[in-house]
Structures are given as structure tokens and as C-alpha cells.
Amino acid sequence: MVRKNTVTFNEMMNEIKQYIKHKENIDLIETAYYFAEKNHSGQFRKSGEPYIIHAIQVGYILALLRTGPKTIAAGLLHDVVEDCDVTIDVIKDMFGEEVASLVESVTKIGALKFKDEKEYLASNHRKIFIAMAKDVRVILIKLSDRLHNMRTLQYMPLEKQKKIASETLEVYAPIAHRLGISDIKNELEDLSFQYLNKEKYYEIAKLVEKRKAERDEQVQNMIAEISNLLDEHNIKYRIFGRSKHLYSIYKKMVTKNKRFEEILDLLAIRIVTDEDPVCYEILGYIHAKYRPIPGRFKDYIAMPKVNMYQSLHTTIVAGDGNIFEVQIRTEAMDEIAEQGIAAHWRYKENIHGGREVHQKEIEEQLHWFKDFSVMSDDVNDDALEYMNLLQKDIFEANVYVMTPKGKVIALPNGSTPIDFAYRVHTEVGHHTVGATINGVLMPLNTKLKTGDVVSIRTSKQSPGPSEDWIKIVKSAHARNKIRSFFQKQENEKRSLDIKKGQEMLIEELKRRNLDVVSYSEQKRIENIAGSLSFSSYNDLMYAIGVKQISLAAVIERLVKHKINIPLNNEELARMFNRQDRKHKVSQSGVRVEGVDTMKITLAACCNPVPGDEIVGYISTGQGVKVHRKDCPNIINEKQRLIHVEWDEHIEQKTYEVKLLLKSNDRNFLLSDIVTVVSQCKAGLQHVDSSVDEDRISATTKMTVVVENAEHLRSLIANLKKINSVRSVERVIQ
Ligand code: MN
């Protein structure tokens with residue numbers, strides 16, 4: 001197929017007219033040519049040739065591959081968007097959607113910078129081309145473009161030569177191989193080799209040249225022998241020798257660690273016939289005459305390779321002792337072997353309707369893709385499952401987009417530049433302010449398409465993601481990152497408010513001349529938080545910080561509860577719960593002689609308890625009030641007093657008593673008091689402690705609940721034993 005010298009427009013058209021005849025198709029190609037020629041006019045390649053020459057060669061290679069008119073038109077136009085000021089829309093208007101889309105895709109691949117660095121893993125290459133394989137024609141155009149560029153690489157600066165050559169070897173040659181286009185693959189490899197390792201290239205070329213005459217003779221002799229053999233049996237065939245291309249010799253020398261001679265000793269012959277069974281017939285005659293080398297026979301007709309390659313391979317020893325590798329195949333198989341997918345999917349003019357062609361392309365694409373997925377590790381059991389998975393991933397679930405540097409990023413369908421940004425890096429995502437898709441500034445909610453080249457604009461000034469983004473993004477990854485950003489932001493703000501609350505409290509304590517250290521103690525604040533309906537220290541500080549509660553209210557509560565009460569003391573909690581119990585003394589337990597029905601209540605001023613000496617006071621309309629005999633409130637009321645006495649059969653009655661306790665101020669005083677009350681099995685209704693003006697003494701008012709005077713006396717005696725307590729007295733109001 002390959003014709004390496006430069007062709008003219010007419011030569012290209014002649015090749016095209018071999019298989020494209022319809023006028024509208026020829027017109028399309030010619031219009032594309034004249035349009036390209038006009039737009040490239042005045043532009044020259046590094047070789048000095050007018051630019052349009054390049055476009056013609058690309059068109060010609062595509063014609064040799066027997067691609068359709070739209071592909072050739074796109075091939076002729078492939079550089080007008082990038083190099084001339086022509087927009088895709090203009091192409092669309094003039095040549096239709098399909099041609100425009102081909103040109104656009106080729107332009108996009110052109111914008112990618114492939115590197116041969118390790119960061120570009122095989123899987124990444126695979127993804128790029130699978131992505132591009134949305135339309136296999138794009139790859140064919142790109143390969144044709146690259147082939148001609150490689151053929152004219154000598155005009156490039158040295159540095160660029162190496163870069164382009166290694167990119168070709170790393171990316172384009174393997175693609176051509178995967179597509180089964182060995183013609184192009186071999187040429188690309190040899191051209192790259194020539195630029196990457198000039199010395200080795202010419203060394204091998206020289207060795208090949210030196211042995212050429214001898215080898216050619218050996219091959220010609222063998223061809224004559226086999227031809228005689230096949231003629232005897234009236235078989236239709238073509239037979240020819242074939243030479244290995246230089247790079248494959250080099251590769252074998254390196255990877256198999258063989259000497260040049262060992263590799264070159266293998267002579268190769270190919271026999272092409274018309275039908276499958278004839279291939280086996282030929283094989284039979286050859287094996288009957290020459291000794292085959294065991295283990296070298298391969299039947300790729302019965303079991304084609306994944307890239308659809310079919311052939312019989314055998315290795316035989318000739319009479320002169322030379323070893324020959326023989327390939328036997330049909331013309332159709334040979335075409336596929338040479339041109340791969342291009343042969344399989346060769347343009348047939350009379351199949352009308354782009355749809356059908358398009359459908360075929362997709363089928364081919366799947367073949368190609370299948371081949372791709374087993375790229376590195378030939379066929380194995382996992383390959384099929386892996387392929388199915390990948391296929392699902394690629395054709396159903398994902399879009400593949402690229403960074404301007406050519407890094408491929410896979411995202412779920414419907415993803416936006418924001419998803420892309422978060423995939424690049426979380427910080428890029430957080431600081432995104434805009435996005436460029438294929439060079440055009442686009443809204444952040446634009447849905448990305450496979451093949452898009454996306455560039456994110458970020459700003460350090462950006463305050464972070466917008467909450468709307470959560471609704472826009474498609475990937476769970478981006479959504480999680482945005483959510484956690486806001487979560488973190490909220491947490492940070494809360495911490496700041498808590499800190500602010502603490503500072504405000506301290507400021508206020510200072511202003512009121514209160515003991516900052518002790519009042520701002522976390523434990524102490526926790527003790528009052530509950531009573532202000534906050535569940536924790538932090539909650540209360542936050543409320544202060546955001547001014548949900550006034551500082552005055554908090555400080556008031558703090559001062560009231562000034563004395564430390566260890567909160568987690570269960571016993572304490574139980575005691576305070578007693579407050580809820582009603583210690584009503586309405587059934588007072590006091591008997592009045594001769595009176596049964598009279599209402600008798602205990603006086604609230606002196607709180608008598610059984611065992612106290614008591615006296616009754618007849619109040620107006622309120623029955624009898626029972627006072628202690630020494631109560632000052634009744635001293636001048638002798639006429640109204642009557643004799644009363646405690647009922648001897650009081651059962652389980654309790655009585656409130658108010659006490660006044662004087663002490664030195666100290667920590668844990670209240671705690672000690674409560675403990676003593678508890679130990680004495682008395683109840684505690686109320687306790688209120690405050691520091692006296694001297695700032696040394698404390699006065700504690702408490703209401704205790706006792707059974708009788710004896711109980712009370714014992715309680716008071718024990719309270720007096722508390723360290724720093726100076727006096728305990730019953731209060732009479
Ligand atoms: Mn080009």
C-alpha cells in the first residue's frame with residue numbers, strides 16, 4: 001500500500017477514483033481540497049513546501065486505506081482549524097456535521113501533548129484512544145497525519161525530532177498495531193527508530209544491506225521450489241519473500257538478547273491464495289516435503305487473533321539447511337493483516353446512508369476496543385471479564401476528558417467542569433472560578449463530553465465552593481469534597497464563636513471585678529449550663545459568642561452557684577431530687593386537747609419539729625398555728641395561746657427546718673455540707689451560699705428536712721463538726 005514519495009492532487013484524485021465514483025462524493029472531496037488550499041495559501045512547511053502538500057499526502061494515505069469521502073474530506077481539512085482562522089461552524093456549514101465533527105476531534109488530539117514520561121501509563125493511552133474511538137475515522141486521519149509528519153521529520157529542529165519520534169513510538173505505532181494496520185505501524189516504527197537511535201538504525205540497516213544479496217538468493221531459490229510444488233497440484237497462489245523491518249530486528253535483539261545473525265537467519269515467505277481450504281492444502285504439501293520445526297505451527301485461521309488476524313504459520317527446514325518461516329493465508333486475510341481495521345471497514349460506495357456506515361464503525365470500534373483491552377497481556381481468562389467491565393465503563397457510564405497536558409480523567413456521564421476540577425485536585429476544585437472547554441470559556445454547569453479538553457481557572461481569592469455546586473456536580477467524589485468543605489467551614493466558624501464567647505465572659509468577669517480564674521473554670525460553667533438549657537460547656541460559650549444569651553444572665557447564675565458542686569456525684573443528684581417531694585405538714589401530727597376538727601398547721605417562722613416545746617396560736621379564720629414555745633413572734637400574744645402537744649403516733653412524717661450556717665469561705669464547703677446532711681439521713685430542700693462582705697466568711701442558708709428534734713440536733717451537731725464551720729443555728733423569721 002505504502003507509496004512514500006510525494007503525490008500531487010491529481011495523483012491523489014486518481015487513487016480516490018479507484019473506489020469512489022459518485023459525483024457528489026468526488027465533489028465533496030474536491031471542494032474540501034480547494035477550501036483547504038485557499039486557507040493554507042501562503043503557509044509553508046518546514047521543508048519549504050506549500051502547506052497544502054501535507055494535506056494532499058494525508059488525503060492520499062486515507063485513500064490507500066480506502067476510507068470514505070467524508071474521512072478524506074476531513075483529512076484534507078484537518079489543519080485548517082488549528083492553523084488558519086477557520087471555525088468548526090464554518091466547516092459544519094460547508095461540509096456538514098460529520099466532516100466538522102471529524103475535523104474537530106482531530107484538532108482536539110492535536111491539542112494534546114503526549115509525553116513519553118512514566119506518568120503516561122499504558123492505561124492512560126488506552127483511555128485516550130478508546131475515547132477517541134467514538135469514531136475510528138478520527139484515528140485513521142490522525143495516523144495518516146502522523147505518518148506524513150514522520151516522513152518529513154528531517155526538516156524539524158533536532159530536539160523536536162526526538163520528541164515527536166518518541167511520541168510516535170510510544171503512542172501512535174502501538175495504536176496502528178492495535179488497529180492491525182501493520183503497514184503504517186512498521187513505517188512509523190522504523191522512522192522513529194531512525195531518529196531516536198540513529199547509530200543503531202544505520203548499523204542494522206548496513207548489516208541487512210550486506211546480507212541482502214545472499215538472502216535474496218536463498219529466498220528466491222525457496223520460492224522457486226515451492227512454486228514448482230504448488231504448480232504440480234494446480235493451486236492458485238501468490239508467493240513472495242518478505243523482510244523484517246529494521247525496528248523489529250532491533251527489538252528482538254534487545255528483548256530476546258539475540259545476535260543480529262540469529263534473527264536474520266530466519267527467512268520468511270508468504271503464500272497468498274483465494275480460499276480457506278486451499279491454505280490447509282498448501283500447508284499439507286509443504287509439510288510433506290519439508291521438515292516442520294515442532295511447536296512452531298499456529299492455526300490462526302481456525303482461531304483468529306483478537307485483532308482479527310488470520311493466517312497459518314509454520315517454520316520449516318529447507319534442503320540447504322536454512323530455516324524458513326512460512327505464512328499461508330487468503331487475499332482477504334492478507335488485506336486484514338496489512339491494513340487491519342481499515343481493510344475490514346473499507347468504504348463501499350453503494351452502501352448508502354451514513355447511519356449504516358456509522359453503525360459499522362461502532363462494531364469495528366468494539367473489535368478494536370476488544371483488542372485494546374488485552375493490549376499488554378494477550379488473551380487470558382480474565383480478559384473477557386475485564387473487557388466487559390471496561391466496556392460498560394466506557395460506553396455506558398463514563399466520559400473521558402483531558403487536561404491541556406493530555407492527562408485523561410474519567411468521570412461519570414453528565415459531569416461538569418467542577419467534577420473535573422475536584423478530580424484534578426481538591427484545592428483546584430475549591431478555588432475554581434471558571435472553566436475553558438476546548439479553548440472556549442464555558443459555564444461551570446456545562447456537561448462534559450468525551451474528548452473535551454478542559455482547563456480550570458482558579459483564583460486564590462476564591463472564598464471556596466458555592467453551595468449550589470452540590471446540585472450541579474455528578475461525581476460522588478466532588479460532592480463529598482464540597483460537603484466536607486462546608487462542614488469544615490462550619491466547624492471552624494463554631495470554634496471561633498466558642499473562643500469569642502470565652503473571651504467575652506472573661507472580659508465581663510474582669511469588668512465586674514470577679515475572680516476570673518475560678519469563675520471561668522470549665523467545670524464550674526458546666527454546672528450552670530444545664531440550668532440555662534445548654535447541654536455543654538461549648539454550647540454555652542457558643543451562645544455567648546453569637547449573643548444568643550446575655551452575659552449578665554450567665555454571670556448571675558455563675559455567682560449564685562459560686563461554690564463548687566461536683567456534678568457527677570450520684571448521691572448529690574439524689575439529694576437534690578428530694579426537693580421535688582412535698583413535705584407538707586398539713587396533717588401536722590399535733591394534737592389539741594378537746595379539739596378534733598380544728599385546722600392545725602405548723603408555723604413557717606419557727607418550724608417546730610416533734611420534740612420541740614410547742615404552743616398553739618388561735619388565728620382568725622385559719623385554725624391553730626403551732627409555734628415553738630420560744631418563738632419571738634408569739635411572745636406578746638398570751639391571750640390567744642392554747643396548749644398543744646405532739647401526737648405520740650406520728651408515722652413517717654418529715655418537717656422542714658431552716659438553718660443558718662456561718663463559716664469561713666472555702667472551696668467544697670457546700671459539698672461537705674451536703675455530704676453531712678446526707679450522712680445524717682436528712683433531706684435538703686434548699687441551699688444558698690454567699691460570701692460575706694469581708695470576703696473571708698460565708699453565710700449559708702439552708703432548708704433541711706428532718707423527722708424530729710432529736711434528728712435535728714444530731715444534724716446540727718454534725719454540721720458544726722465540718723471544717724471551717726463556726727456556727728449552725730435554727731432560723732426564726
Ligand atoms: Mn497535520
Side-chain angles (χ1 to χ4, degrees), residues 2-9 11-12 16 29 32-65 67 70-88 90-91 95 99-114 128-129 132 135-157 160-161 163-173 175-176 179 181 184 187-188 191-192 195 342 406 438-439 451 453:
V2 181
R3 184 178 157 173
K4 297 184 185 180
N5 58 318
T6 305
V7 297
T8 62
F9 169 67
E11 285 172 311
M12 176 190 81
I16 289 168
I29 293 167
Y33 168 73
Y34 289 116
F35 182 82
E37 191 199 30
K38 195 184 96 195
N39 281 284
H40 284 302
S41 76
Q43 293 177 350
F44 295 89
R45 301 201 94 213
K46 289 263 173 11
S47 62
E49 289 174 329
Y51 202 94
I52 190 67
I53 299 286
H54 169 62
I56 293 169
Q57 307 318 306
V58 170
Y60 178 69
I61 295 166
L62 288 168
L64 290 175
L65 288 168
T67 59
K70 285 171 182 159
T71 313
I72 294 176
L76 291 167
L77 296 166
H78 82 271
D79 276 330
V80 296
V81 172
E82 214 184 324
D83 295 339
C84 317
D85 282 333
V86 176
T87 65
I88 288 294
V90 170
I91 306 270
F95 303 98
V99 173
S101 143
L102 290 172
V103 172
E104 189 179 21
S105 298
V106 173
T107 307
K108 265 183 211 160
I109 303 184
L112 294 175
K113 295 281 169 276
F114 294 118
I128 289 173
F129 284 93
M132 293 308 166
D135 201 328
V136 172
R137 295 173 300 180
V138 172
I139 301 293
L140 295 179
I141 296 169
K142 199 61 207 168
L143 282 174
S144 306
D145 178 36
R146 177 53 59 115
L147 183 56
H148 185 245
N149 286 338
M150 285 302 294
R151 284 176 183 173
T152 53
L153 198 60
Q154 75 255 38
Y155 302 107
M156 284 292 190
K160 246 182 161 178
Q161 285 180 355
K163 207 173 153 253
I164 293 170
S166 78
E167 180 182 285
T168 301
L169 198 59
E170 295 269 330
V171 183
Y172 289 97
I175 294 305
L179 289 167
I181 313 174
I184 290 182
E187 196 183 340
L188 287 177
L191 286 165
S192 305
Y195 287 99
N438 305 320
V453 177

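One-based numbering, in listed order, for ligands and for the atoms of each.
Residues Thr87 and Val81 are not in side-chain contact: their nearest non-hydrogen atoms beyond the backbone lie 4.5 Å or more apart.
The backbone N or O of Ile52 lies less than 3.5 Å from no partner atom in the side chain of Glu37, so there is not a single donor-acceptor pair. A side-chain donor-acceptor contact under 3.5 Å links Gln57 to the backbone of Val7.
Relative orientation of the His78 and His54 rings is perpendicular, given thresholds of 30° and 60° on the angle between their planes.
Screening the protein for N, O or S atoms under 2.8 Å from the Mn ion (ligand 1) yields 4; no waters enter the count.
Residues forming a side-chain contact (heavy atoms from CB on, under 4.5 Å) with Gln43 (at least two apart in sequence, or on another chain): His40, Tyr51, Asp83, Cys84.
Between Ile91 and Ala100, the shortest heavy-atom distance links the atoms CG2-CA, 3.7 Å.
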